[in-house]
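Just the heavy atoms: all of them, side chains too, but no hydrogens, waters or symmetry mates, feed the values below. Treat the numbers as computed from the prediction; the structure is a model and nothing was measured. By convention in this document, chain letters (A, B, ...) are assigned in the order of the sequence lines, proteins followed by strands, and residues within each chain are numbered from 1.
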Protein chains: 2
Amino acid sequence: MFIQIEPELDIPIYAQLVSQLIEAIARGNLTGGDSLPSVRSLAADLGMNMHTVNKAYHELERKEIIRIVPKSGAIINSLPQDGISGNHLERISKEIKPIIAEAIVLGMETKDINKLVTTIISTIKGE
Amino acid sequence: MFIQIEPELDIPIYAQLVSQLIEAIARGNLTGGDSLPSVRSLAADLGMNMHTVNKAYHELERKEIIRIVPKSGAIINSLPQDGISGNHLERISKEIKPIIAEAIVLGMETKDINKLVTTIISTIKGE
DNA sequence: CGTTTGTTCTATACTATATAGAACAATTCT
DNA sequence: AGAATTGTTCTATATAGTATAGAACAAACG
């Protein structure tokens with residue numbers, strides 16, 4: 001599995017797992033309709049507890065990125081054909097706003113930020 | 001003061017304060033060389049504890065956005081004339097990457113993300 | 001000189017994170 | 001049908017993070 005967890009970071013490992021799974025989907029390594037590993041097997045692979053993986057899965061479900069079928073497994077949601085929903089756009093806006101403000105404070109111009117974003121998108125899709 | 005804290009959110013109030021102060025600087029409400037209120041007076045204004053404000057200030061110092069002069073006060077750093085530093089750029093990249101990945105997973109294209117970013121920059125600077 | 005400043009210390013309370021193990025019932029596979 | 005696997009639920013424990021409270025200190029400020 002394409003997942004690297006670093007317990008020594010000050011980001012909780014369940015949150016790291018959430019981000020890594022999202023990035024795996026973004027880069028096309030996992031796609032709509034695919035199943036995620038069971039919480040037990042992924043926990044064993046990553047050397048962490050079953051409940052920690054379960055927490056990460058439920059966070060992904062809360063974000064409407066996967067759906068969890070009780071006693072069966074977790075499946076990645078397919079994209080709606082009519083683009084991002086209003087709720088999702090609002091959530092992304094709330095998440096990204098403080099970081100953009102920080103970038104401005106550190107001296108970045110609009111064009112610098114747009115360039116950085118474009119570079120990061122390429123990085124994600126190309127990794 | 002241009003600060004709104006919402007204790008019922010699941011974001012720690014010290015972290016909310018950090019973000020709000022960064023946004024106040026980004027929008028030009030506070031600028032390089034300006035002093036921040038003392039931890040005691042801002043804590044009284046916001047109805048929170050002195051130590052919580054102190055924690056937020058030290059987080060801003062860790063980000064190199066302010067400097068704290070012991071027994072004196074906190075001053076907002078001025079921008080270096082030669083643009084954002086490598087360290088800062090790397091930090092912004094690490095912070096923004098998981099959110100961009102989430103945006104991709106939710107169906108946003110590169111142009112959608114760049115448009116959103118541009119809109120948010122206008123929102124921040126205009127508020 | 002008196003006030004204000006950030007700092008440091010002890011203390012308490014609550015929440016969040018992470019692990020552990022067991023048991024359950026539904027689903028899945030053979 | 002039977003066995004294995006699944007997510008769920010429960011109790012328990014340990015550690016770290018968040019938030020408040022109050023007191024005391026020495027340096028800086030007016």
Check the pair A:Val105, B:Lys63 against side-chain contact (heavy atoms from CB on, under 4.5 Å), reporting the backbone distance first and the verdict last. CA-CA 11 Å; A:Val105 168; B:Lys63 287 177 177 287; over 6 Å; no
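- Taking atom CD1 on A:Ile13 and atom P on C:dA16, their separation rounds to 17 Å, with Å as the unit.
- Candidate nucleotides D:dA19, D:dG7, C:dA20 were compared by shortest atom distance to the side chain of A:Ser38, and D:dG7 ranks first.
- Rounded to an integer number of Å, the gap from B:Asn54 CG to D:dT20 C1' is 14 Å.
- With hydrogens and angles ignored, no donor-acceptor pair under 3.5 angstrom links the side chain of B:His51 to the base of D:dT18.
- The side chain of A:Pro70 lies closest to D:dT8, out of D:dT20, D:dT8, D:dT9.
- Distance from the side chain of B:Thr52 is smallest for D:dA19 among the nucleotides D:dT8, D:dG22, D:dA19.
- Considering all non-hydrogen atoms of both residues, A:Gly33 and A:Ser78 come closest at N-OG, 4.1 Å.
- The nearest whole Å value for the distance from the CG atom in B:Asn49 to the P atom in C:dG6 is 14 Å.
- Regarding A:Glu8, its CD atom lies at a distance of 13 Å from the P atom of C:dA18, rounded to whole Å.
- At least one side-chain nitrogen or oxygen of A:His58 sits closer than 4.0 Å to the OP1 or OP2 atom of D:dT8.
- Nearer the 5' end of DNA chain C, as judged by each residue's closest nucleotide, is the contact made by A:Arg40, out of A:Ser72 and A:Arg40.
- Between A:Leu9 atom CG and C:dA18 atom C1' the separation is 16 Å, expressed in whole Å.
- For A:Lys55, the listed nucleotide lying nearest its side chain is C:dT17; candidates were D:dT20, C:dA20, C:dT17.
- Picking from C:dG6, C:dT19, D:dG7 the nucleotide with the shortest atom distance to the side chain of B:Ile68 gives C:dG6.
- Put simply, CE on B:Met50 is 18 Å from P on D:dT18, counting in whole angstrom units.
- Between B:Lys55 and B:Glu59, none of the side-chain N atoms (NZ, or NE/NH1/NH2) sits under 4.0 Å from a carboxylate O, so this pair counts as no salt bridge.
- Mapping B:Lys71 and B:Ile11 onto DNA chain D by nearest heavy atom places B:Ile11 closer to the 5' end of the strand.
- Residue whose closest nucleotide on DNA chain D sits further toward the 5' end, between B:Tyr14 and A:Glu61: A:Glu61.
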Verify side-chain contact (heavy atoms from CB on, under 4.5 Å) between A:Asp112 and B:Ile84, making sure each step is shown before the conclusion. CA-CA 10 Å; A:Asp112 301 324; B:Ile84 189 172; over 6 Å; no
